[in-house]
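Accompanying notes for the structure given below.
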Amino acid sequence: MVYKIVFLDVDGTITNQEDGSIADTTREAIRLLINKGIKVVAATGRPLSMCKELQKLGIETFITANGGYVKHNHKVIHKVPIDKNVIQDVVEFANLKNNGLSFYTEEFSMNGATDHKILTALKETLSLDEYPITNSLIHEQEVFLLCLFADDADVEKYIRKFPHLTFKKWHPYVLNVLSEDVSKSLAIAKTLEFFGFDKSEAIAFGDGENDIDMLELVGLGIAMGNGNEKLKKVADFVTKKTSEDGIYYALKKYGLI
């Protein structure tokens, strides 16, 4: 099979699962793919503003906000903005309950709630050591992903309050708040359509449960050695850990570099 496009999850896949660094071999692998004319797409839960280091590696296409916003250079390929009334209602309830909410536009902001659990989750998911800016006028912007920081008991209150919304956990303390389906696989389908590629011509690398659907969609799904066990079960191949040059190792094995 001739593969024409490679989708790479970012945190724990491109970046080291322990310290957030990008290995020289990973940088080299991305450079070699691009030089061969193979498209490289970052598929991440991050907002676009937190992808600057990846842009410096030559990556031009970004699936961000877990699939809610896709951009190639300056062209928006796909976006799923959340209804502004939904945002306003959830923000009001979260502020009442003192739960954290994060907002993904092209930037990243929050509602101003503070708690050590929120800060720990920000560190574990986005390698942030401090809270982002507080955005009190977020309902006036296009938001592509809304995340709730809450324990299970609090989540039950939201489910009862907002039965028309879906709360999808992707970290022990963080959930996507969705009014319609947003996923990396839907975003990948839109990206493949944009470039005129078939899914059989695509490879995807990931490490988390939120990568399962994209590994199942593409022609070759590769799980990182440091990845989630459920992900490894659906993968076509489990490579080495990110810290052990897993991306370079797999691309070499399949003859792409």
Side-chain angles (χ1 to χ4, degrees), residues 6-34 40-67 100 102 104 106-110 114-133 145 147 149 169-176 184 203-212 214-215 221-232 235 237-253 257:
V6 177
F7 295 90
L8 299 170
D9 168 59
V10 177
D11 295 288
T13 301
I14 290 179
T15 66
N16 186 302
Q17 76 276 8
E18 294 164 1
D19 62 14
S21 63
I22 301 177
D24 288 342
T25 56
T26 301
R27 295 174 187 272
E28 176 69 359
I30 291 170
R31 186 187 68 80
L32 291 170
L33 287 173
I34 292 170
V40 179
V41 180
T44 179
R46 294 184 184 191
L48 190 60
S49 63
M50 294 181 66
C51 295
K52 289 182 173 60
E53 189 175 7
L54 304 172
Q55 289 170 327
K56 291 176 183 176
L57 298 180
I59 298 175
E60 298 176 331
T61 312
F62 291 88
I63 293 171
T64 66
N66 272 334
S102 61
Y104 292 66
E106 283 200 3
E107 307 294 325
F108 182 68
S109 58
M110 288 191 72
T114 57
D115 182 275
H116 73 277
K117 289 183 179 179
I118 297 174
L119 205 52
T120 298
L122 287 171
K123 176 67 174 178
E124 292 175 352
T125 58
L126 293 170
S127 301
L128 292 177
D129 293 314
E130 55 187 34
Y131 297 101
I133 61 168
L145 181 64
C147 288
F149 293 71
K169 181 180 284 191
W170 57 275
H171 174 275
Y173 196 65
V174 190
L175 302 95
N176 289 347
K184 289 185 179 181
I203 300 176
F205 286 77
D207 76 310
E209 274 193 53
N210 65 328
D211 299 321
I212 288 175
M214 77 169 183
L215 262 64
I222 299 175
M224 306 305 292
N226 50 280
N228 175 277
E229 291 306 314
K230 289 182 181 177
L231 181 77
K232 290 178 180 178
F237 177 66
V238 178
T239 187
K240 295 181 179 182
K241 295 180 179 180
T242 305
S243 56
E244 298 170 345
D245 306 324
I247 289 177
Y248 191 94
Y249 177 81
L251 291 172
K252 196 79 173 172
K253 170 183 170 61
I257 59 174

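Counting only heavy atoms from C-beta outward, the side chains of I133 and E107 never approach each other to under 4.5 Å.
In terms of the side-chain hydrogen bond (donor to acceptor under 3.5 Å, both in side chains) criterion, residue partners of T25 (sequence neighbours excluded) are, by chain and number, D245. Among residues two or more places apart in sequence or in another chain, the side-chain hydrogen bond (donor to acceptor under 3.5 Å, both in side chains) test is passed with T239 by none. Residues satisfying the salt bridge (Lys or Arg N to Asp or Glu O under 4.0 Å) test with K123, not counting sequence neighbours, are D129. The side-chain hydrogen bond (donor to acceptor under 3.5 Å, both in side chains) search around E130 returns none, not counting sequence neighbours. Partners of S243 according to the side-chain hydrogen bond (donor to acceptor under 3.5 Å, both in side chains) rule, which considers only residues two or more places apart in sequence or in another chain, are Q17. Among residues two or more places apart in sequence or in another chain, the side-chain contact (heavy atoms from CB on, under 4.5 Å) test is passed with T125 by W170, H171. Partners of I34 according to the side-chain contact (heavy atoms from CB on, under 4.5 Å) rule, which considers only residues two or more places apart in sequence or in another chain, are I30, V40. Residues satisfying the side-chain contact (heavy atoms from CB on, under 4.5 Å) criterion with K56, sequence neighbours excluded, are absent altogether. Qualifying ring-ring contact (aromatic ring centres under 6.0 Å, His included) partners for Y131, counting only residues two or more places apart in sequence or in other chains: none. In terms of the side-chain contact (heavy atoms from CB on, under 4.5 Å) criterion, residue partners of D19 (sequence neighbours excluded) are, by chain and number, N16, S21.
For the atom pair OH (Y249) and CD (E244), the distance works out to 10.5 Å, reported to the nearest 0.5 Å. The CG atom of L57 sits 11.5 Å away from atom CD of E28, with the distance rounded to the nearest 0.5 Å. Expressed to the nearest 0.5 Å, how far CG of N176 lies from SG of C147 amounts to 4.5 Å. For the atom pair CE (M214) and CG (L231), the distance works out to 8.0 Å, reported to the nearest 0.5 Å. A distance of 10.5 Å separates CE of M224 from NZ of K232, quoted to the nearest 0.5 Å. The CD1 atom of I247 sits 15.5 Å away from atom NZ of K241, with the distance rounded to the nearest 0.5 Å.
Scanning all heavy atoms of the two residues, the minimum distance from A250 to I222 falls at CB-CD1, 3.9 Å. Considering all non-hydrogen atoms of both residues, A223 and L215 come closest at N-CD2, 3.9 Å.
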Please report the C-alpha distance between T120 and Y173 in whole Å, then the side-chain angles of each, then the deciding distance to 0.1 Å, and finally whether the side-chain contact (heavy atoms from CB on, under 4.5 Å) criterion is met. CA-CA 9 Å; T120 298; Y173 196 65; over 6 Å; no
Let me see the working for V174 and E124 under side-chain contact (heavy atoms from CB on, under 4.5 Å), right down to the final yes or no. CA-CA 11 Å; V174 190; E124 292 175 352; over 6 Å; no
Dump the intermediate steps for side-chain contact (heavy atoms from CB on, under 4.5 Å) on V10 and T15, then the final yes or no. CA-CA 6 Å; V10 177; T15 66; 4.1 Å; yes
Test L54 against F62 for side-chain contact (heavy atoms from CB on, under 4.5 Å), laying out the working first. CA-CA 9 Å; L54 304 172; F62 291 88; 3.8 Å; yes
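Between R27 and E53 there is a salt bridge, with a side-chain nitrogen of the basic residue lying less than 4.0 Å from a carboxylate oxygen of the acidic one.
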For residues 41-52, run the donor-acceptor check on the side chains, cut-off 3.5 Å, and write out each pair with its distance to 0.1 Å, sequence neighbours left out.
from, atom 1, to, atom 2, distance (Å)
T44, OG1, R46, N, 2.9
R46, NE, D11, OD1, 3.4
R46, NE, D11, OD2, 3.0
R46, NH1, M50, O, 2.7
R46, NH2, D11, OD1, 2.8
S49, OG, E106, O, 3.3
K52, NZ, S49, O, 3.2

Run the side-chain donor-acceptor check on residues 203-212: report pairs under 3.5 Å with partners two or more places apart or on a different chain.
from, atom 1, to, atom 2, distance (Å)
D207, OD1, T13, OG1, 3.4
N210, ND2, N66, OD1, 2.9
D211, OD1, K184, NZ, 2.6
D211, OD2, D207, N, 2.9
D211, OD2, G208, N, 2.9

